2 protein chains.
Amino acid sequence: MRRDIFQAIADPTRRAIVMLLAVQAMTPNAMAEHFYTSRQAVSKHIRILVECDLLEQEQQGREIQYTLRASKMNEIEKWLDQFKALMAKRFNQLDDVLKRLKEKKK
Amino acid sequence: MRRDIFQAIADPTRRAIVMLLAVQAMTPNAMAEHFYTSRQAVSKHIRILVECDLLEQEQQGREIQYTLRASKMNEIEKWLDQFKALMAKRFNQLDDVLKRLKEKKK
DNA sequence: TATACACGCAACCGATCGGTTGCGCTATCT
DNA sequence: AGATAGCGCAACCGATCGGTTGCGTGTATA
């Protein structure tokens, strides 16, 4: 079982949950009301998000408030930055090529 | 079958392929040499990436060069930005709350 | 022209996914 | 105390995933 942020955000419902929790902490029932899915289905998504270390829970009586661990989202950005760095490098190499072509022209 | 960028980058091998292609276009065989996976497995990942509209192919004799459609990656960033916007809003609301508390103190 | 290579495609496999149903536990309400 | 509400958990389901094996086809090479 792979459990990382990329897996976490692969599902549209889970992305929606992340968005909901970005606004405010919520109980599973409150989340489920925002979708057409059942409470159970939402609960399973929550479980995965917890396993991905993206959610924290706080029991409050018979309810559970789930809070987003926003810092986890940085991992996506970190990966994107690595990607962009590679792309930039590529362009620099292209620059080098163009420069060399210019030199040859002279 | 869901086919979007989030699905595309959910798999670690596919993320690696994206990174490879970020540096330079490649044939399936060239990609496979970078992993411990078989050519066929890589080929299946390529297929998914193509279906996600993340790769372009150009036949060159009996080889196929796959090129990354880097612009597709923006969709991830776009989603991340939406997320950040929601978080920022949340903090602004928190600011409002703190402000109001201050007012009351007076 | 015969052979080797690069690749896609289809069939198959066990594992996981996303969902539903049903149960049980604990907390709140009457 | 009994009924109800909020939730997790386990079992089950069909669909998809990631991988392997085998085959077909078109292109280069000897």
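Just so it is clear: chains get the letters A, B, ... in the order the sequence lines come, proteins before strands, and each one is counted from 1. What you see is a predicted model; the values in this text were computed from it and never measured.
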Quick one: label B:Gln65 by what it contacts on the DNA or RNA (base, sugar-phosphate, nothing), any heavy atom closer than 4.0 Å. nothing
Pair A:Glu77 + B:Lys84: basic N to acidic O under 4.0 Å: yes
Using five pairs at each end of the helix from C:dT1-D:dA30 to C:dT30-D:dA1 to define an axis, what is the angle between those two axes, to 10°? 20°
So, is A:Ser43 close to the D:dC7 phosphate, meaning a side-chain N or O under 4.0 Å from OP1 or OP2? no
Atom pair distance, as rounded to whole Å: CD in A:Gln40 and P in C:dG24: 14 Å
Separation of atom CE in A:Met31 from atom P in D:dG8, rounded to whole Å: 9 Å
Figure out the NZ/P separation between B:Lys44 and C:dC9, and round it to whole Å. 12 Å
Gap between atom CE of A:Met31 and atom CZ of A:Arg39 - 0.5 Å precision: 12.0 Å
Looking at B:Glu56 and B:Lys72, is any side-chain nitrogen of the basic one under 4.0 Å from a carboxylate oxygen of the acidic one? no
Nearest-Å distance for atom pair CZ/P, residues B:Arg62 and D:dA28: 7 Å
More than 12 heavy atoms from other groups under 6.0 Å of CZ on A:Arg47: no
Between D:dT20 (P) and B:Phe35 (CZ): distance, integer Å: 14 Å
When you measure from the side chain of A:Arg14 to the backbone of A:Ala8, do you find a donor-acceptor pair of N or O atoms at a distance under 3.5 Å? yes
When you measure from the side chain of B:Gln59 to the backbone N and O of B:Gly61, does any donor-acceptor pair fall under 3.5 Å? yes
Are any side-chain N or O atoms of B:Arg3 and backbone N or O atoms of B:Ile48, one a donor and one an acceptor, separated by less than 3.5 Å? no
Just the rounded figure in Å: distance from P of D:dG18 to OH of B:Tyr36. 21 Å
Identify whether any heavy atom of B:Glu63 sits under 4.0 Å from a base atom; if not, whether one sits that close to sugar-phosphate; answer base, sugar-phosphate or nothing. sugar-phosphate
Using atom CD of A:Gln7 as one end and atom C1' of C:dT16 as the other, report the distance to the nearest whole Å. 9 Å
Selected nucleotide, minimal atom distance to A:Tyr66 side chain, candidates D:dC7, D:dC17, C:dT20: D:dC7
Say you draw a straight line from CG of B:Leu20 to CZ of B:Phe35; how long is it, rounded to the nearest 0.5 Å? 4.5 Å
Taking only the side-chain heavy atoms of B:Pro28 (C-beta and beyond), determine which of C:dC17, C:dG19, C:dC7 contains the nearest atom. C:dC7
How many angstroms lie between atom CD1 of B:Ile64 and atom OG1 of B:Thr27, to the nearest 0.5 angstrom? 9.5 Å
Between CD of A:Gln59 and C1' of D:dC7 the distance, given in whole Å, is 8 Å
Please confirm whether the shortest side-chain N or O distance from B:Thr27 to OP1 or OP2 of C:dA6 is below 4.0 Å. no
Under 4.0 Å between any heavy atoms, over every strand shown, what does A:Arg47 touch: base, sugar-phosphate, or nothing? Just pick one. sugar-phosphate
Would you find a donor on one side and an acceptor on the other, under 3.5 Å apart, between the side chain of A:Arg15 and the backbone of A:Ile9? yes
Of B:Arg39 and A:Gln60, whose nearest nucleotide on DNA chain C comes first from the 5' end? B:Arg39
What's B:Gln57 touching, base or sugar-phosphate or nothing? Going by heavy atoms closer than 4.0 Å. nothing
Is the phosphate of D:dG19, meaning OP1 or OP2, less than 4.0 Å from a side-chain N or O of B:His45? yes
Please tell me if B:Asn29 has a side-chain N or O lying less than 4.0 Å from either OP1 or OP2 of C:dC5. no
In residues 8-26 of chain B, which residues come under 4.0 Å of DNA chain D by heavy atom? B:Asp11, B:Arg14
